[in-house]
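The structure appears right after this line, and notes come after that.
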Protein chains: 2
Amino acid sequence: MGEFKSLEKRLKNKGYKLTAPRRFLLGLLENNPGKSYSAQEIFDLLKGKGVDFSTIYRNLEMMAKEGILSAVQRENGTSSYELCLNHHHHHLICTDCGATRCINVCPMDLIDKSIWEGFTPKKHRFEIMGLCPECSKKNT
Amino acid sequence: MGEFKSLEKRLKNKGYKLTAPRRFLLGLLENNPGKSYSAQEIFDLLKGKGVDFSTIYRNLEMMAKEGILSAVQRENGTSSYELCLNHHHHHLICTDCGATRCINVCPMDLIDKSIWEGFTPKKHRFEIMGLCPECSKKNT
DNA sequence: AATATAAATGCAAGTATTTGCAATTACAAA
DNA sequence: TTTGTAATTGCAAATACTTGCATTTATATT
Ligand SMILES: [Mn+2]
Ligand SMILES: [Mn+2]
Ligand SMILES: [Zn+2]
Ligand SMILES: [Zn+2]
């Protein structure tokens, strides 16, 4: 619960206003650590709070850009977001039940630097789609 | 030019009909080897041939599923497609000019297998965004 | 060559996401 | 506290992408 206040502080330090929609959003993610949500899922969970879809999209994108959230690309191409609590990492995504698991290997650390040949890497995406242990068993 | 006929043959062998839209699509990709196109770009290039957007989307997705095309996720999340001429590979994508360069390292070959812990990997995505040599110089 | 038939297409309608803009709100300064 | 201001919001309109379905078309069979 201590994380929450610090997240709000981080937003303010970067010059953003602390609005109701942003509080709701951060509160939701903070209360479900490790889980990642799509814009649609967040919209549904915040029903009744009167937050518009466009506001959610805009804030998710903004917080991702600011390094507060990290975006995970799902199988179908839609992004889901989770708090950037710890360090940079990647995910295993179950194509059957949608569960994600964080892994702490990053291909950028494993790659031979000689492949760049003048290219300047800035960001990267790495996701592994497949079946989680539970769904692996079910679909046998 | 020999590749083209073999691509058509591959489609037929998999039980798909060889239609005009599919010929146009494959012809376009075949005549620009190494380049990758989004659905929108293909639609524009095929203007006048009377091919519908939905047909392009459906065929790109189908050919990707069949391993004839490989999808590259651009910075903004939209996919572009290129012929799967050779083996499985990944890309460097320039966020400034959009150019892509193929690299033949695959993180799946480098990763320690012990991270799966029961997860069954099926597909993966790996793309590196940054500045190509030319744009690196320009933006200095 | 004519015919049968399932696959594929184009169109239109349906979702999903993004954008422009006037009204509102957070918050800094008075 | 009140006020001024720019950031942010909600709404509506605009794009982008997807889907359902009647019609067309590729191709196997006769
Ligand atoms: Mn994670
Ligand atoms: Mn390539
Ligand atoms: Zn990484
Ligand atoms: Zn790979």
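Residue numbering restarts at 1 for every chain, and letters A, B, ... go by the order of the sequence lines. In what follows, every heavy atom counts, from backbone to side chain, and hydrogens, waters and symmetry copies are set aside.
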Between [atom2] on [N] and [atom1] on [X], what's the gap in Å once rounded to a whole number?
X       : N      : atom1 : atom2 : answer
B:Asn59 : D:dA26 : CG    : C1'   : 14 Å
A:Leu60 : D:dT9  : CG    : P     : 11 Å
A:Glu41 : C:dT17 : CD    : P     : 11 Å
A:Phe24 : C:dA26 : CZ    : P     : 11 Å
B:Asp44 : D:dT15 : CG    : P     : 15 Å
A:Phe43 : C:dA16 : CZ    : C1'   : 12 Å
B:Met62 : D:dT19 : CE    : P     : 16 Å
B:Glu8  : D:dA26 : CD    : C1'   : 13 Å

message = Consider salt bridge (Lys or Arg N to Asp or Glu O under 4.0 Å). Of A:Lys14, A:Arg22, A:Arg10, which one does A:Glu66 pass it with?
response = A:Lys14
Hey, any chance [X] and [Y] share a hydrophobic cluster, counting ILVMFWY side chains that come within less than 4.5 Å of each other, even indirectly?
X        : Y        : result
A:Ile103 : A:Met129 : no
A:Val51  : A:Leu69  : yes
A:Val105 : A:Val72  : no
B:Tyr81  : B:Leu92  : no

task = I would like to know whether A:Glu75 and B:Lys123 meet salt bridge (Lys or Arg N to Asp or Glu O under 4.0 Å); could you show each step before the answer?
result = CA-CA 9 Å; A:Glu75 170 81 357; B:Lys123 305 177 28 175; 3.7 Å; yes
Side chain to side chain contact (heavy atoms under 4.5 Å, CB included) between A:Phe119 and B:Ile128, intermediate numbers included = CA-CA 10 Å; A:Phe119 185 92; B:Ile128 303 172; 4.1 Å; yes
query = In terms of the angle between their ring planes, are A:His90 and A:His124 parallel, tilted or perpendicular, with boundaries placed at 30° and 60°?
reply =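 Rings of A:His90 and A:His124: tilted, as their planes differ by 30° to 60°.
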What nitrogen or oxygen pairs link the protein and nucleotides 27-30 of chain D at under 3.5 Å?
from, atom 1, to, atom 2, distance (Å)
D:dT27, OP1, B:Lys12, NZ, 3.2
D:dT27, OP1, B:Leu18, N, 3.1

remark   = By ring pair (Phe, Tyr, Trp, His ring centres under 6.0 Å), A:His91 pairs with (sequence neighbours left out) A:His89
query = Relative to the 5' end of DNA chain D, which residue comes earlier, B:Thr78 or A:Ala20, by the nucleotide with the nearest heavy atom?
reply =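 Of the two residues, A:Ala20 wins.
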ask   = Where along residues 47-58 of chain B does a heavy atom come under 4.0 Å from DNA chain C, residue by residue in number order?
value = B:Gly50, B:Val51, B:Asp52, B:Ser54, B:Thr55, B:Arg58
